[in-house]
Student: 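If you scroll down you'll find the structure; I have some questions about it.
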Amino acid sequence: CHAWGFRHASSGAPPRRLATENGAALQVAINRELLSSRDTLALCKTVDRHGGPGNLSLFNVVSGLHWLAKPSHIELEAIETARQLLLTLIGRLEGSIEEPEPLRGQVPLGWLSRGAWAAARLLSQQPLEAEARRLLLLVAVLVADRIEGADKRMLGRDISNLLWAFATAEVRHLPILDASSSTLGYLAPKLAPQDVTNIAWAMSRLDMADEAIAPVIDVAVSMVNRFEPAGLNAMLATIAHRYREVPSEKRPANVRNFLDAAAGRVASPEGADCARNRVAKLSWAFAALSHNTQGTFRKLVSFASSEGWATMLPRDLSAMAWSLATAGAELEAMEAIMVTSLPLVRHFDTQGIANLCWAVGHARVHGAFPFFTSVGNFVAPEVQKGTYTSRQLANMVWAFATAMCLDEVLADEVAKFVAARNSELRPMEASSLIWALASSGAGGSDAVRAYAETLLRQFCVPGALRGWEPQSVANALWSLAILKLHSLVVLKSGAAAIAAAGDTLSMHQAQWHLAWLGLRLEGSGAEQSSFDAAWLASCAAAAEERTTQHGLNLSSHCHDTVGLELQHVVGTGEVVKHEHMVHGCLMIDIALMDRGIAIEVDGPAHFVRLLRRRSSNNTQCDMVHCGSSQYKRRLLALSGWDVRSVQRDEWLRLARTADRRDCLRRLLAPSVQKK
């Protein structure tokens, strides 16, 4: 309880005026007491001792409020004092509470900006939210005209505090925002680096136009060497959050200028000081802004490795991994981050583990199977609890598939969870998820099929693919075909969506063609007359070109030796044809034309590592064919071919010619017996 009461002038009982000739001196003394308070409770006692906020000058009310707002949390006993200080300041500014020490002229802008700063800080204190927001709105009205008139007494710190306060409170008072923007040119010489950072952050948070933010970035470029390390990091982060979703070619030119200048600071002899304890944040900002100078990331990695990866918090390991993967930099460092993170998987937050998985998958880090095994074991039990968002789960499953591994339990849990929430995914994420489930060979469960059927039904709705990028459409159609889901309606809408984009790549047409071939061979059939002849021809040509190029790239010494030994086994009288094309897009590695046998020489790219099976009773090997290899075999079988497989690793273990030929005889035996 306080011994003083709070009274408005309009109540008929104005607060006691300080009846002393030394009123100004007394207020100065009170100010010293307030500022020397050792804690918030001591400050409250000082206010009580002088009769409450009503007996303090406006400057002392602002000082007391500013002091109370500095801590992140106010003790319960100080809440009422803070409330009365807020109300007193509001009343003084409105003219409803008398000032014990009359002002000469207007309230200084510096006082108003400090009051606004304090109010913004106090918004987080729920009991004070209403009064704090009321004060902010009042200050916004009072200062707009004075800022627009370029008050010569205005300092850079004043406008910095004001904009920071309004942005923190999300007060979008347009007159003051417009006035602040037009005044920055006048204030530029008066701005300190910290002011520049605060103003840029505030403008970005308030979604102000690029034209308003541009002068601030220009000032930042001119003073880049004056920023303290923390300020440089904060400025980079502000620009990154503002422009990370904007294509590089559409960003203001001065964004690139600041990025290059900041990279120069990092590369300078003082770079280690700039990066100390903030390597991950700097790396994230550079990567988010598509900085492609590998030297910058090498420098940051050297700083991080010298401090030790194990000294980083999980969130920083995740940010660092995402940054390096995005920039395509430092694969060796990615391996170190992955190894360091392995025992810490349970300590990452949900976005952190999703980003880390994405980074390890995207960078195709060597030796990642133990990492993904640990992630799958930890994440799968949490899926149905809603611990992770659909988008996070889609990114994780995509990472597993990109790393050529499959956790069937995790895949099923994610498919069940997302099936009821597919609307939460953006087109690219929905496409990536179905691609991951299909390409990793996860389609053998009811859960995965149910999710795929949900997606297929969605695609059957007219206009469902509107807004989808060609890549996402092509990936989705190809993936549904792998999962044995075919629809003429969806193929037609997919063709229209891909063709309408205008910048269609041959890869997208090739994927569409493979989905169309699947409908013809194992679906309900697709008459060529259902599609434009020129479109079909273009897609067929794209599929043939990509298959031919892919076959040439994968042709290997192993393939050659299998073919050589096979010819010895079957004799010179039988035709052995290499790289035989079927339907213009299915290439058989080695074809025995007379017998109708297709022999596939399967290297590592044909398999995924099965990390965990749905059934513990399943004892099959831990390497299984990936989805695209399974699909190719199905289509070849439907085309009359008997498909056999020679695994490269098994073949290379056979050192003797006799053993290799025996292997091939066993491979052909079923056909010989059948014949």
Side-chain angles (χ1 to χ4, degrees), residues 313-319 321-322 337-362 365 367-425 429-430 432-455 483 608-624 627:
L313 296 173
R315 68 168 183 269
D316 292 334
L317 288 169
S318 175
W322 180 90
I337 293 172
M338 181 187 72
V339 171
T340 304
S341 302
L342 184 56
L344 304 174
V345 165
R346 295 177 178 274
H347 300 286
F348 283 81
D349 63 22
T350 55
Q351 190 59 51
I353 198 64
N355 285 349
L356 182 60
C357 279
W358 178 89
V360 172
H362 181 77
V365 179
F369 294 145
F371 169 78
F372 282 109
T373 298
S374 179
V375 170
N377 290 339
F378 176 67
V379 171
E382 300 294 320
V383 173
Q384 301 307 323
K385 299 176 184 178
T387 305
Y388 298 88
T389 68
S390 297
R391 295 173 65 177
Q392 291 168 343
L393 293 170
N395 282 334
M396 281 191 272
V397 174
W398 177 90
F400 274 68
T402 305
M404 303 297 288
C405 58
L406 170 63
D407 181 330
E408 290 185 336
V409 175
L410 177 64
D412 286 358
E413 292 298 321
V414 172
K416 285 187 286 187
F417 183 83
V418 178
R421 302 167 179 83
N422 199 52
S423 60
E424 298 174 2
L425 297 180
E429 293 158 346
S432 295
L433 177 57
I434 195 65
W435 174 88
L437 294 171
S439 65
S440 64
S445 75
D446 293 340
V448 173
R449 185 169 183 84
Y451 170 67
E453 289 173 345
T454 298
L455 200 60
L483 296 171
V608 295
R609 173 68 64 87
L610 187 55
L611 304 177
R612 183 166 47 160
R613 302 174 179 86
R614 296 182 177 98
S615 170
S616 58
N617 297 325
N618 191 334
T619 58
Q620 62 181 313
C621 67
D622 61 355
M623 298 297 289
V624 296

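Numbers here are sequence positions counted from 1.
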Student: Considering non-hydrogen atoms only, spot the tightest contact between Lys416 and Ala447 and give its length.
Tutor: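 Minimum heavy-atom separation between Lys416 and Ala447: CG-CB, 3.5 Å.
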Student: Is a side-chain donor or acceptor of Asn377 paired with a backbone partner of Thr373 at a separation under 3.5 angstrom?
Tutor: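 Answer holds: yes.
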Student: Taking atom OG1 of Thr350 and atom CE of Met396, what is their separation to the nearest 0.5 Å?
Tutor: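 Rounded to the nearest 0.5 Å, the OG1-CE separation comes to 8.0 Å.
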Student: Which value, rounded to the nearest 0.5 Å, describes the distance between Leu393 atom CG and Arg421 atom CZ?
Tutor: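 The distance works out to 9.5 Å.
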Student: Of all heavy-atom pairs between Val383 and Glu413, which one has the smallest distance, and what is that distance?
Tutor: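 Closest heavy-atom pair between Val383 and Glu413: CG1-O, 3.5 Å.
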Student: Please evaluate residues Leu483 and Ile434 with respect to the criterion side-chain contact (heavy atoms from CB on, under 4.5 Å), reporting the C-alpha separation (whole Å), side-chain torsions for both, the decisive distance (0.1 Å), and the verdict.
Tutor: CA-CA 9 Å; Leu483 296 171; Ile434 195 65; 3.6 Å; yes
Student: Hey, can you tell me if Trp358 and Trp322 have their rings parallel, tilted or perpendicular (30° and 60° cut-offs)?
Tutor: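 Tilted, since the angle between the ring planes falls between 30° and 60°.
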Student: Supply the atom-to-atom distance Asp412 CG to Arg449 CZ, rounded to the nearest 0.5 angstrom.
Tutor: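 It comes to 14.0 Å.
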Student: Evaluate the side-chain contact (heavy atoms from CB on, under 4.5 Å) criterion for residues Leu433 and Val414: first the C-alpha distance (whole Å), next the side-chain angles of each, then the deciding distance (0.1 Å), finally the verdict.
Tutor: CA-CA 9 Å; Leu433 177 57; Val414 172; 4.2 Å; yes
Student: Taking Gln392's backbone N and O only, do any of them form a donor-acceptor pair with Gln351's side chain (distance below 3.5 Å, no angle check)?
Tutor: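 Side chain of Gln351 to backbone of Gln392: no pair is present.
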Student: Apply the test side-chain contact (heavy atoms from CB on, under 4.5 Å) to residues Trp398 and Cys357: give CA-CA distance (whole Å), side-chain angles for both, the deciding distance (0.1 Å), then the verdict.
Tutor: CA-CA 9 Å; Trp398 177 90; Cys357 279; over 6 Å; no
Student: Should Leu356 and Leu317 count as side-chain neighbours, where that means a heavy-atom distance under 4.5 Å?
Tutor: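 When only atoms from C-beta onward are counted, Leu317 and Leu356 do not touch, as no gap falls below 4.5 Å.
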Student: Can you measure from SG (Cys405) to CG (Leu410) and round to the nearest 0.5 angstrom?
Tutor: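 Between atom SG of Cys405 and atom CG of Leu410 there are 10.0 Å.
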Student: Search all heavy atoms of Val608 against all heavy atoms of Leu406 and return the closest pair with its distance.
Tutor: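 Answer, listing the atom of Val608 first, then Leu406: CG2-CB, 4.4 Å.
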Student: Distance from Glu453 atom CD to Leu455 atom CG, nearest 0.5 Å?
Tutor: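 CG of Leu455 is found 11.0 Å from CD of Glu453.
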Student: Return the minimal non-hydrogen interatomic distance between Tyr451 and Ala430, and the atom names on each side.
Tutor: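 Looking at all heavy atoms of both residues, the closest pair is OH-O, 4.0 Å.
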Student: List the steps, then state whether side-chain contact (heavy atoms from CB on, under 4.5 Å) holds for Phe348 with Asn355.
Tutor: CA-CA 10 Å; Phe348 283 81; Asn355 285 349; over 6 Å; no
Student: Using every non-hydrogen atom in the two residues, find where Leu425 and Ala394 come nearest and quote the distance to one decimal.
Tutor: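 Shortest heavy-atom separation between Leu425 and Ala394 comes out as CD2-CB, 4.2 Å.
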Student: Any idea which heavy atoms bring Val409 and Arg614 closest together, and the distance?
Tutor: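 Looks like CG2-CA, 4.4 Å.
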Student: So does Gly376 get a backbone contact from the side chain of Arg612, meaning a donor-acceptor N/O pair under 3.5 Å?
Tutor: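 Here the side-chain-to-backbone pair exists.
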Student: Could you grab the distance from atom CG of Asn395 to atom CD1 of Ile353, nearest 0.5 Å is fine?
Tutor: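 If I round to the nearest 0.5 Å, the distance is 12.5 Å.
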